[in-house]
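Let me begin by presenting the structure, written as structure tokens, before commenting on it.
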There are 4 protein chains.
Amino acid sequence: MSRDRILQIFDAAAEVFAETGFDRARIDDIAQRAGVAKGTIYYHFRGKDELFSALMTEFIRRLQEECDRHGTPTDDPVEDLKRRVEAMARFLLANRRFAVMLLSEAWGSERRQHAFRSQIRTIVRAIEEVLQRGLQVGAFKAWDAGVAAAGIFGSITVTALYTALIDRAPDDDTVARQIAEQVIGGVLPVR
Amino acid sequence: MSRDRILQIFDAAAEVFAETGFDRARIDDIAQRAGVAKGTIYYHFRGKDELFSALMTEFIRRLQEECDRHGTPTDDPVEDLKRRVEAMARFLLANRRFAVMLLSEAWGSERRQHAFRSQIRTIVRAIEEVLQRGLQVGAFKAWDAGVAAAGIFGSITVTALYTALIDRAPDDDTVARQIAEQVIGGVLPVR
Amino acid sequence: MSRDRILQIFDAAAEVFAETGFDRARIDDIAQRAGVAKGTIYYHFRGKDELFSALMTEFIRRLQEECDRHGTPTDDPVEDLKRRVEAMARFLLANRRFAVMLLSEAWGSERRQHAFRSQIRTIVRAIEEVLQRGLQVGAFKAWDAGVAAAGIFGSITVTALYTALIDRAPDDDTVARQIAEQVIGGVLPVR
Amino acid sequence: MSRDRILQIFDAAAEVFAETGFDRARIDDIAQRAGVAKGTIYYHFRGKDELFSALMTEFIRRLQEECDRHGTPTDDPVEDLKRRVEAMARFLLANRRFAVMLLSEAWGSERRQHAFRSQIRTIVRAIEEVLQRGLQVGAFKAWDAGVAAAGIFGSITVTALYTALIDRAPDDDTVARQIAEQVIGGVLPVR
DNA sequence: CATGAATGAGTGTTCATTCAT
DNA sequence: GATGAATGAACACTCATTCAT
């Protein structure tokens, strides 16, 4: 079925985009790694941009899903946030290539980057909402939730990437837990 | 003197690299904005890579300088860290274009990106050192300082960029202060 | 019956070839407009060239038919010519899209263009013959009939296309009649 | 000087465009025949379209010039027209490759074709004006001058091309004279 | 020191054609 | 008979880099 071909292409594209970034990624490479002809990619996707967007959308969806699954609203916003952050950290540590895209391909002025950014915003807003919920019950410090959420998002993504560069970095599980705790500490009210 | 020419080129390069990222930046554009001929750039720099590196080095130097100036070691590591983080935040909020580079051009495998990354590491290590110092006097939670420093660096850079996208974001000063406090909260030991 | 399919394809091909010319015409477009799959076209025609040729042959046939019907040899070659020219003009004014092909796709060196040209020659020769007949009875000026026939053919085709560009051009009937008279005037002997 | 390069490119482009038509013309070919690198063409022209347009503009200019030089208004519109038509015929017979473009590349809906068409209109209008002038002194038949001018233009261009296909066609001079006379005959009032 | 014309390798995209179903 | 997914050759265009002046 054509679903197979698309998945082959997706996998190859994920590799290549992550290794070289959008601009240096060559459709030829993606095709070769996917084991299809170049034309096949253009048969299924309008172009490089659309391929990239489709891929990122898929990743964002999975990330979102993962976070939602672990961070379902309960009575304890602090615990919710911690779980959500930890889930996000785990996902990005396991998909560092995607984390690279998240930081590298989001800030420009191309249409594709705009689109990507608004997807990222959805993720950050999900964090923000947990913060808002907690704020109302006094669980979190009363400051700008948008700014705080951005900081949390940055902590997670950058740490996920940076730890790959650290000699003797803790294992991913430990890192995920540390990030979560650190992030939580940052938003708890001073006792 | 040729110092002028070089500064013209630097300014133009800063603009263009930041607006479009390294790959899409065109030497033609930089030359035009600098008001020099294309050949002139190649007279002063070996190529695009070297121009980029020289520029980033300069920015990193200024950022470092700014942080060091405000975060000079005192008896109080918490205060040191807070000041250093706030200084960094202020600098990046004022130079968002550079913040973009910091996040976008650091993660690939090109020589230039390696070089850039090791410069960034210097910055993160400076944060790490303050953390270590604080750790020894029990001022900070006893966890992996490298991971914590990475998180702090991510908080600052991403927030600096993300606030540009938030409707009704607080002014840069407020943001800088909030980041600093939030970051500090994240590393303080539970009381 | 498959005759239907072929006609659908013919109609669509006529539209698309005329709108964009042979080279820019896309088989995809033709298939879509014909409401058939791309493969179906290749089932019925060897390829783009053959489809084009078949289509042009059909048009030429209809044009020829139209001219022959109105320009049947009588005792009066002048009247014959006038009627034939007028019929041709009417046909081309009514099928301007085909007139475009007649002028655009005839002059190159591709096999298809050679073939098309020899079909066009048949049309011009028909004019030439009427001229020859008239010449023998002194009805027309005694000059090169081939050259004259070419000029007549050019008058008709170009006028058919050009009038679409003229503001406030007369209606097609008037144009056809004027072309015929003008053309006749051009070949009558000086009295 | 760079004027040389441009002329080299122009010459090569004229050849290639005429031989194959706009769509099939390959920039690589033009570059090779011009003895320059492909990039050089793009250094001097924005793209294939602009190269084509520049080239056609140049030809149109020369054609116009030629016609104006021979068809300068005098007291005798009939003679003026005859001379103008003959000059045009001579030019197109000598530059049949350009005549091909005139008929082939003028009728589509691309921007380039629109532009080309409006240049062609200028030529036809020049004929029209002579006709109008003659009309006012009763030298020509009183019918639509636009239509008549189009017919004249078609006569000339098509004949120029068609004679190349005729066995034993008269020499170009004779053809030019015959066209002119025939065309004039077409517009003279019936005596 | 500075210039800008010239270069050509590199790459995204198109589209006629094929063929297994 | 008919389909449409897959193909890959072909091509326009870009842009970092060079070098003669």
Side-chain angles (χ1 to χ4, degrees), chain A residues 1-6 8-9 23-31 34-51, chain B residues 1-2 4-6 9 22-32 35-51, chain C residues 1-2 4-6 9 22-32 34-51, chain D residues 1-6 8-9 23-32 34-51:
Chain A
M1 191 186 47
S2 125
R3 183 78 197 149
D4 286 344
R5 278 284 187 277
I6 301 221
Q8 283 172 51
I9 295 170
D23 283 314
R24 294 190 106 77
R26 300 192 292 114
I27 296 289
D28 275 301
D29 274 355
I30 296 175
V36 301
K38 203 193 326 205
T40 307
I41 292 182
Y42 283 90
Y43 183 77
H44 290 287
F45 299 92
R46 207 175 284 279
K48 199 182 180 184
D49 272 59
E50 190 182 291
L51 173 56
Chain B
M1 191 187 47
S2 109
D4 286 346
R5 278 281 189 281
I6 299 206
I9 294 172
F22 180 83
D23 282 316
R24 292 191 110 75
R26 296 189 291 113
I27 296 290
D28 272 298
D29 275 354
I30 296 174
Q32 191 164 33
V36 301
K38 195 171 10 176
T40 308
I41 291 181
Y42 282 87
Y43 183 79
H44 290 288
F45 300 89
R46 200 176 289 279
K48 198 183 179 183
D49 274 56
E50 191 183 292
L51 174 55
Chain C
M1 189 185 49
S2 110
D4 286 346
R5 279 282 190 279
I6 298 206
I9 295 171
F22 180 84
D23 282 316
R24 294 191 108 76
R26 295 188 291 113
I27 297 289
D28 272 298
D29 275 355
I30 295 175
Q32 192 164 33
V36 302
K38 195 170 11 174
T40 308
I41 292 181
Y42 282 88
Y43 183 78
H44 290 288
F45 299 91
R46 200 176 289 280
K48 197 183 180 183
D49 273 57
E50 191 183 292
L51 174 55
Chain D
M1 192 186 45
S2 126
R3 183 76 197 151
D4 286 345
R5 278 284 187 277
I6 301 222
Q8 282 173 50
I9 295 171
D23 283 315
R24 293 189 108 76
R26 300 193 291 113
I27 296 291
D28 275 301
D29 274 354
I30 296 176
Q32 193 162 33
V36 301
K38 201 198 319 213
T40 307
I41 292 181
Y42 284 91
Y43 183 77
H44 290 288
F45 299 92
R46 210 175 283 279
K48 199 183 180 183
D49 271 59
E50 191 182 293
L51 173 55

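Computation of the quantities below employed the complete heavy-atom set of this structure, encompassing side-chain atoms and omitting hydrogens, waters and symmetry-equivalent molecules. Remember, predicted model here, so these are calculated numbers, not experimental data. The sequence lines fix the lettering, A, B, ..., with proteins before strands; numbering per chain opens at 1.
- At whole-Å resolution of the value, CG in D23(B) and P in dT11(E) are 11 Å apart.
- Within 4.0 Å (heavy atoms only), A31(A) reaches no atom of the nucleic acid at all.
- Atom CD of residue E50(B) and atom NE2 of residue H44(B) lie 12.0 Å apart, to the nearest 0.5 angstrom.
- In this structure, G39(C) reaches the bases: a heavy-atom distance under 4.0 Å links it to at least one base atom across the strands shown.
- In this structure, R24(B) atom CZ and dT14(F) atom P are separated by 12 Å, rounded to whole Å.
- Each of D28(B), I6(B), I27(B) was checked for a side-chain contact (heavy atoms from CB on, under 4.5 Å) with I41(B), and the lone residue meeting it is I27(B).
- Residue-to-nucleotide proximity on DNA chain E shows that, of H44(D) and G47(C), the 5′-proximal contact is made by H44(D).
- In this structure, CZ of F45(D) is placed 15 Å from P of dT14(F), rounded to the nearest angstrom.
- Each of G35(A) and Y42(D) was assigned the nucleotide of DNA chain F with the nearest heavy atom; the assignment lying further toward the 5' end belongs to G35(A).
- You'll find that the side chain of V36(B) is closest to dT3(E), out of dT3(E), dT3(F), dG8(E).
- For Q32(D), the CD atom sits in a loose shell: 12 or fewer heavy atoms of surrounding residues, nucleotides or ligands are nearer than 6.0 Å.
- With a cut-off of 3.5 Å on both pairing distances, the Watson-Crick or G-U wobble partner of dG4(F) is dC19(E).
- Scanning both residues, Q8(D) and A34(D), for their nearest heavy atoms gives OE1-O, 2.9 Å.
- The OH atom of Y42(B) lies 8.0 Å from the NZ atom of K48(B); values are rounded to the nearest 0.5 Å.
- Taking 3.5 Å as the limit, the base of dT7(E) and the side chain of K38(D) contain no donor-acceptor pair of atoms between them.
- Place T40(A) and A25(B) on DNA chain F by their nearest nucleotides, and T40(A) ends up nearer the 5' end.
- A straight line from CZ of R46(A) to P of dG12(E) spans 18 Å, rounded to a whole angstrom.
- Put simply, CG on D28(A) is 10 Å from C1' on dG8(F), counting in whole angstrom units.
- In this model, the phosphate group of dA2(E) is approached by a side-chain N or O of R5(B) to a distance below 4.0 Å at OP1 or OP2.
- Rounded to an integer number of Å, the gap from CD1 of I41(C) to P of dG4(F) is 12 Å.
- Atom OH of Y43(B) is separated from atom C1' of dT3(E) by 12 Å (rounded to the nearest Å).
- R26(B) has its CZ atom 12 Å from the C1' atom of dC13(F), to the nearest Å.
- Within the 4.0 angstrom heavy-atom criterion, only backbone atoms of the sugar-phosphate kind lie near K48(B); the bases stay farther away.
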